[in-house]
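Below is one structure; the comments refer to it alone.
This is a predicted model, so every value here is computed, not measured. First listed ligand is number 1; within each ligand, the first listed atom is number 1.
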Amino acid sequence: MISPVLILFSGFLYHVAIAGRTCPKPDAVPFATVLPIKSFYEPGEQITYTCQPGYISRGGGMRRFTCPLTGVWPINTLKCLPRVCPFAGILENGAVRYTTFEYPNMISFVCNTGFYLNGTSSAKCTAEGRWSPALPVCAPVTCPPPPIPKFAITSVYKPSVGNNSLYQDTAVFACLPRYAMFGNDTISCTEHGNWTQLPECREVKCPFPSRPDNGFVNYPAKQVLYYKDKATYGCHDTFTLDGPEEVECTKLGNWSAQPSCKASCKLSVKKATVLFQGERVKLQERFKNGMLHGEKVSFFCKNKEKKCSYTEDAQCIDGTFEIPKCFKEHSTFAFWKTDASDVKPCESDS
Ligand SMILES: *[C@@H]1O[C@H](CO)[C@@H](O)[C@H](O)[C@H]1NC(C)=O
Ligand SMILES: *[C@@H]1O[C@H](CO)[C@@H](O)[C@H](O)[C@H]1NC(C)=O
Ligand SMILES: *[C@@H]1O[C@H](CO)[C@@H](O)[C@H](O)[C@H]1NC(C)=O
Ligand SMILES: *[C@@H]1O[C@H](CO)[C@@H](O)[C@H](O)[C@H]1NC(C)=O
Ligand SMILES: *[C@@H]1O[C@H](CO)[C@@H](O)[C@H](O)[C@H]1NC(C)=O
């Protein structure tokens with residue numbers, strides 16, 4: 001026999017269970033999904049937490065909870081952590097830019113100069129924990145065999161990988177005889193995999209050199225004179241060559257110099273002590289055969305007030321030799337006079 005009171009009481013309990021002790025909407029867990037999602041759950045109903053793609057729970061697997069009669073969800077310690085892709089912090093001959101290697105981050109790559117990216121410049125850590133696309137490599141830049149300029153030969157060249165060259169490898173060219181080089185004779189393999197600008201070889205002719213007055217010029221007995229041909233100059237006696245003895249046909253089609261013959265100088269002073277190449281010499285003895293064009297001496301002059309001596313230069317220029325005005329020549333008989341070269345030098349006036 002069941003007491004009516006007991007029936008009433010159990011009816012009351014049942015009412016409390018369904019009306020008062022439902023579970024609320026469960027707490028959200030970062031990067032996890034709850035199913036099913038409702039605004040309340042009856043006791044005995046189940047929910048499942050699953051980590052979102054790219055995240056894994058610390059303990060592994062999913063978490064299932066049942067709404068208890070108390071209407072309070074059990075404490076949920078689930079943590080969904082991002083997947084970590086394999087370490088990718090080092091790129092040989094290049095560099096990797098990254099913050100972390102976790103889902104869903106991107107990392108990017110650059111190669112050192114002379115290397116190029118074989119692959120993409122960035123990759124993403126996928127939900128599966130793999131790099132996508134696959135990690136690149138930095139491959140060395142190569143240049144194909146260099147072209148050879150017209151009228152040139154390769155004087156230095158050696159391929160370094162198979163038939164190709166590496167970044168900064170060089171090749172050197174030389175022009176055939178009679179041809180002059182315009183541009184750099186050395187080319188190098190650039191970081192772009194091409195060569196720097198090729199030089200050009202051009203045929204260059206020079207006119208016949210003209211004979212200098214009071215002298216002569218010799219050059220090869222040929223129909224035409226070309227780049228690098230040489231001519232030599234000389235002067236008749238007492239004349240001095242002004243310029244180099246040998247000249248060369250330049251790449252500009254003219255001669256490296258135009259030497260001329262310059263006259264010597266006769267001396268109009270009989271007695272003078274002068275400085276010649278740093279030494280005191282007697283002018284008339286040292287230059288008894290005259291002075292050559294270009295030769296230079298320093299005369300001594302007197303400063304009467306200060307009773308001291310100073311020097312002034314004079315040079316033989318194509319037959320003309322001007323004695324400095326301050327120079328006083330003494331007669332051989334004026335033995336009591338002191339020559340300027342024997343007077344103490346003046347302090348340099350500064
Ligand atoms: C570039 O990458 C591709 C694919 O990974 C590979 O087959 C090729 O050999 C690589 N080339 C160089 C020069 O490293
Ligand atoms: C180099 O070039 C030659 C001639 O073109 C060719 O026969 C050879 O196979 C090449 N070698 C390499 C390593 O590419
Ligand atoms: C020629 O090129 C080489 C290498 O490419 C460089 O080092 C050199 O300075 C260049 N010379 C001139 C005169 O430009
Ligand atoms: C080499 O290639 C780079 C990049 O494509 C280009 O800018 C440069 O002008 C090229 N150099 C020569 C000498 O062709
Ligand atoms: C050769 O010719 C060039 C250009 O015409 C000129 O600048 C140069 O001075 C000449 N050289 C000589 C030694 O005359």
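Between Tyr226 and Cys206 there is no side-chain heavy-atom pair separated by less than 4.5 Å.
Nearest non-hydrogen protein atom to atom 8 (C) of ligand 4 is Asn194 ND2, 3.8 Å. In terms of protein heavy-atom proximity, atom 3 (C) of ligand 2 is closest to Asn163 ND2, 3.3 Å. With hydrogens left out, the protein atom closest to atom 4 (C) of ligand 4 is His192 CG, 3.7 Å, a heavy atom. Counting protein heavy atoms only, atom 5 (O) of ligand 1 is closest to Asn118 ND2, 4.8 Å. Protein heavy atom in closest approach to atom 13 (C) of ligand 1: Tyr116 OH, 3.4 Å.
Geometrically, Arg280 engages Phe300 in a cation-pi contact defined by less than 6.0 Å to the ring centre and at most 45° from the axis.
Counting non-hydrogen atoms of neighbouring residues, nucleotides and ligands closer than 6.0 angstrom, the CZ atom of Phe182 exceeds 12 such neighbours. Within a 6.0 Å sphere centred on CD of Glu312, other residues, nucleotides and ligands contribute more than 12 heavy atoms.
Distances from atom 11 (N) of ligand 2 to the protein include at least one heavy-atom value under 4.0 Å.
The residue from Thr77, Thr50, Thr48 that alone fulfils the side chain to side chain donor-acceptor pair (under 3.5 Å) condition with Arg63 is Thr77.
Closest approach of Val269 and Glu329 over heavy atoms only: CG1-OE1, 3.5 Å.
Contact atoms of ligand 4 toward Trp195: 12 (C), 13 (C) (distance under 4.0 Å to a heavy atom of the residue).
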